[in-house]
Amino acid sequence: MTHGTEASTAPAARTSAGREGWADVAKGTCIILVVLWHVVVKDYLQIDWRIGLPVPGAWGLLGEQLLPLRMPLFFTISGIFAANAVNRSWRASARPRVAGNLYLYAMWLLIHTALLALAPGFPTDRATSLGGLLGQLTITPSNLWYLYALALYFVLAKALRRVHPAVLLGVSGVLSAVAAAGLLDTPGNRGGVYQNLVFFLAGVHLRPHLMRWAATATRRRLLWTAAVYVAALGVMGFAAAEQWFGVWPVVSVTAVAFGITAAAIVAQRTRAAGTMLATLGRQTLPVYVIHMPVLALLHRLLAGPVTELNGPGRELLVAGYPVLVTAVVLALSMAIHRGLLAVGAWWMFKLPPRTAPRHNREGEIMSRTEQPAEVKPAASASETVPIQAVPDRARVQEAAWWLSGRVVRTPVLNSPTIDRLAGVRILMKAENLQTGGSYKMRGAMLAVGRLAAAGYTGVVAQSTGNHAVAVALAAARHGLTATVVLPVDAASTKVARARAAGADVVFAGSTLDERIATARQISEAHGHPLIDAYDHPDVIAGQGSASLELIEEAERAGTPLDALVVPVGGGGGVAGACLAAAGTSIEVYGVEPVGCDSLAHSLTAGRPTAVSPAPTIADGLRPTCVGELPFAVARDAIRGVVRVNDDQIAEAFQMLLLELKVLTEPSGAAGLAGALRLAADLGEAVNRPGVVQSGQGRERYRTVGVVLTGGNVEAELIAQLATRHFADMATMEGVAA
C-alpha cells in the first residue's frame, strides 16, 4: 500500500500472497498430508498384506518424515491468519476465534464419539466412558485437538500480546522441546498441543517476515530449503535423536521454511495445482472434522476384502492403496459437507449467530438483520432460490485469482489531511483507475470469461452506463459479440465508449423495467446470455475482488481494516465486499443517497424493497430496488447503511480532487462521504491519532477502507462539482450503474 497516488509495486504474481494464495496452498497440502497419515497408520498398516516387499514400511517411514511439517506448518499459517485478530478487542475476536473453535470441538467430539463407537476396532482415540469424554472435553484433547489448540493458543497469544515476542517464542520453544523429548506427561494429544504453540505464536508475531519470505520465494530457495530439511531428517534418523532435547523443534523449523517456500512457488508458478490446493485449503475445517469417521467406515468395509486379495492385484494395490484411499476420503468428506449444507446443517461448521438486533442510530445507520441465509429472496413470497445460487467468500477468492493479470490491480490511496478530518485512517481503493473507468470491469470480465469458456459467442447486458461499457470491453477481450441496452438519455460518453469497444447499442426508454424487457427479448432472440449489472453471482464475486485486494493490502501494510465502506446501487459491490470480509472482524457498511435507500428499507423489511429514487448527483446509486441476490448476501453480513446527501457527496468529490488529485464520479465519491459520516456518527472524541472512541469511551475504528467505485463523469458536471454549484446538477448524467 502506498500514500498519495503511487501504485503498489508488488508483482502481479505475488498478489495472491494473502488468503487466496500461498497460505491456502499450504493449508490444502497440510490437510492432504494429515488425511494420508491417518490412512497409513489407522488403516493401511492395520491390514495384513502378506507380501515380502517392504512397501508398507516405506509408507510408514514417509509419514513419519512428514511429521515435523504437517502440524507445525498448519499452525504457523493459522497464526498468520490470527495475527490481526490478536490485536483487536476481546469483544470482536473472542467469539469467532475462541468460542467458535470450542463450539466446533465439543460438537464434533460428541459426533465422533458416537460414530466411532460403531467401529470399536478402529485404532483412534475415543471416549468409552463419561469420565473419558469429560477428560477429552477439558484437558486431554481427542483427534480433533487442532480446534482445541486453536482456541487455547489464541487466548494465550492475546493475553500475552504485550510480552516481547522473543520471550514468548523462547519460552514456547522450550515447552516444545520438553514435550518432544518426552519430559512431560502427554496423554492423548496433549503432546501436540505443547509442541505446536511456538509455531502458532511465530505466525502471529513473525507474520510480516513470513509474508516477505513467501513473497520472495525462488526455485533456488526451494532447493536449498528442501536439502536442509532432508539433511536434518537424515541426521535425526541416523543418530536416533528424535527425542533429544531441542531436535524436533529445530527440524520442524526447517520443515516450515521449506513448506512456505514450496507453497509460494506452487501458488505463483503452477496455476492449476495452486488453484486446486488453494480451493482445498479453504475447506480444511469440514475435511478435518469429517474424515476420521469416514476413514473408520472405509476401513471396516475394505480391510477384510483387501486381506483376502491374491495374485498380482495385491502387489499393485499395496503400492497405491494409501493414495487411493486418501483421495476417496477427501472426496467423501467434501461431498458430505456439501450435503449437510444443502439440508441446512450449516451450524455444524459455524457457531450460530447472535439473534439480538443492533442499535439503529436515528435511522441514519440501519441495523443489520439477523436471519438465516439458507435461501435467497425471490420475486414472490412463494419462491425461493437454493443457497447454492448465493456466492461465498471462496468464490470471491477464486475470482481474484482468475482476474489477476486480467484487470488492473488499482492502487490504495491515503491522505493525511483526510485522515485528520475524519479522525480515522481512511484507505481508498482507486477503482476509478480500472480499465473502463470503474470496478464494473471486474464482474464483467469474470462473467464474460466464464461464458466464453463455456462456448458462448455473444452476450447481452443492460445498464445506464458503466456495466454496459465493462461488458463491451470484456466481450471484445474474449472475442465475443456484445449487445448493450441503454436508456434513451444515457450519457454520451458511455454510449461512445460502448460503441468504441465494438458493442451494438440499443436504446430502450428511461426506466429499468424497459431496459430489462428489451434486453431479455434480445437475449432470447439471439440465444446470448444476459449478464445482469448486479443480480449475478459472477458479477458479485468479481466486484468483491476489489474489496479483497483492499483488505489484503491493508493487512500487508500493518494497518488492517476495521470497517469497509462501499456505495450501493443495485448492491453487487457491497455484497462482494461482505463476502470478501467474511470470516474477519471487518464491519461492512453500504452508502446510499438520501431518498435512494432501497437497501436500507430492504434491511428493515427483511426482503428487497423498491423505492421511488429521489434526484441525486450520484446517478449510479439510483436503482429502484436492490438486487435479490445481493440482498441475500448482504442481509446477514452488512453492519448497516449510511445515508449521505448531495452536499456531502460533492464535498467528498472536491476533497478527492484537491487533496489526492483523483477524479471520481459522484457515485464513487459517495463512498468517502459515507466514511466521513460514519466516523462522525461513531465517535465524538479522538484520544490518540487514528483511534476513534464512542461517547462511552469504547474504542471503535482505527482504519476504514473505502472503494472508489469509478471515475466516469461528464466534463460539465466536473466543473460544477469542483466549484460547488448545485443548481440543476441532479438532472445531469454522472456515473452509470
Side-chain angles (χ1 to χ4, degrees), residues 20 271 275 278-279 282 373 376 385-408 431 434-436 438-463 466-485 501 503 516 519-520 523 527-549 566 569-580 582 623 626-634 637 707 709-710 737:
E20 86 288 0
R271 175 159 292 189
T275 300
T279 301
R282 293 188 288 269
K376 162 187 174 294
V385 176
I387 190 171
Q388 292 92 319
V390 181
D392 56 13
R393 189 173 195 265
R395 193 157 183 172
V396 175
Q397 294 169 322
E398 290 164 5
W401 182 286
W402 189 88
L403 289 170
S404 177
R406 293 181 169 92
V407 297
V408 176
E431 284 296 296
Q434 186 58 255
T435 304
S438 80
Y439 78 152
K440 296 286 184 179
M441 190 65 188
R442 294 174 177 270
M445 182 63 76
L446 181 63
V448 172
R450 287 186 184 276
L451 293 172
Y456 287 95
T457 59
V459 292
V460 180
Q462 68 77 25
S463 167
N466 274 352
H467 177 68
V469 171
V471 169
L473 289 168
R477 186 87 63 89
H478 289 282
L480 276 62
T481 63
T483 304
V484 298
V485 181
I516 289 178
R520 286 175 176 169
S523 175
H528 295 162
L530 174 62
I531 303 176
D532 194 88
Y534 40 83
D535 226 345
H536 190 291
D538 287 334
V539 170
I540 292 174
Q543 257 74 299
S545 68
S547 294
L548 187 64
E549 288 180 9
V566 182
V574 77
C578 288
L579 296 177
V626 67
E628 294 173 354
L629 190 54
F631 179 75
V633 173
V707 180
T709 50

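Computed from a predicted model, the values in this text were never measured in an experiment.
Contact between Ala533 and Val539 at its shortest, heavy atoms only, is O-CG1, 3.4 Å. Of all non-hydrogen atoms in Asp535 and Pro630, the two that sit nearest each other are OD1-CD, 3.2 Å. Listed here is the closest heavy atom pair of Gly449 and Trp402: CA-CH2, 3.9 Å. Shortest non-hydrogen contact noted between Leu530 and Ser523 is N-OG, 3.8 Å. Of all heavy-atom pairs spanning Gly570 and Val626, the tightest one is O-CG2, 3.2 Å. Here the shortest heavy-atom pairing between Ala475 and Ala482 reads CB-CB, 3.7 Å.
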Val460 vs Ile531, side-chain contact (heavy atoms from CB on, under 4.5 Å): CA-CA, chis, key distance, verdict:
CA-CA 6 Å; Val460 180; Ile531 303 176; over 6 Å; no
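Atom CD in Gln397 sits 12.0 Å away from atom OG1 in Thr275 (nearest 0.5 Å). If you take CE on Met441 and CG on Leu473, they are separated by 5.0 Å, rounding to the nearest 0.5 Å. Interatomic distance, CE of Met445 versus OG1 of Thr435, reported as 7.0 Å (0.5 Å rounding).
No side-chain heavy atom of Ser463 sits under 4.5 Å from any side-chain heavy atom of Val484. Residues Gln434 and Val407 form a side-chain contact, since some pair of their non-hydrogen atoms from C-beta on lies under 4.5 Å apart. Taking 4.5 Å as the limit, some side-chain heavy atom of Thr279 sits within range of a side-chain heavy atom of Arg282. The side-chain heavy atoms of Val469 and Lys440, taken from C-beta on, include no pair separated by under 4.5 Å. At a threshold of 4.5 Å between non-hydrogen side-chain atoms, the residues Leu579 and Val633 count as touching. Put simply, the side chain of Tyr534 reaches to within 4.5 Å of the side chain of Asp532, judged on heavy atoms. The shortest distance between side-chain heavy atoms of Ser438 and Thr709 does not fall below 4.5 Å.
Among pairs with a residue in residues 469-481, none fulfils salt bridge (charged side-chain N to carboxylate O under 4.0 Å, His left out), at least two apart in sequence or across chains. Applying the salt bridge (charged side-chain N to carboxylate O under 4.0 Å, His left out) rule to pairs touching residues 454-463 yields nothing, sequence neighbours excluded. Sequence neighbours left out, the pairs with a member in residues 441-457 that pass side chain to side chain donor-acceptor pair (under 3.5 Å) are Glu431-Arg442, Arg442-Ser545, Arg442-Glu549, Arg450-Asp538.
For the side chain to side chain contact (heavy atoms under 4.5 Å, CB included) test, residues two or more places apart in sequence or in another chain that qualify with Ala399 are Leu446, Ala541. Annotation: ring pair (Phe, Tyr, Trp, His ring centres under 6.0 Å) contacts of His478 (sequence neighbours excluded): none. Applying the side-chain hydrogen bond (donor to acceptor under 3.5 Å, both in side chains) criterion to Thr481, with sequence neighbours excluded, gives no partner residue.
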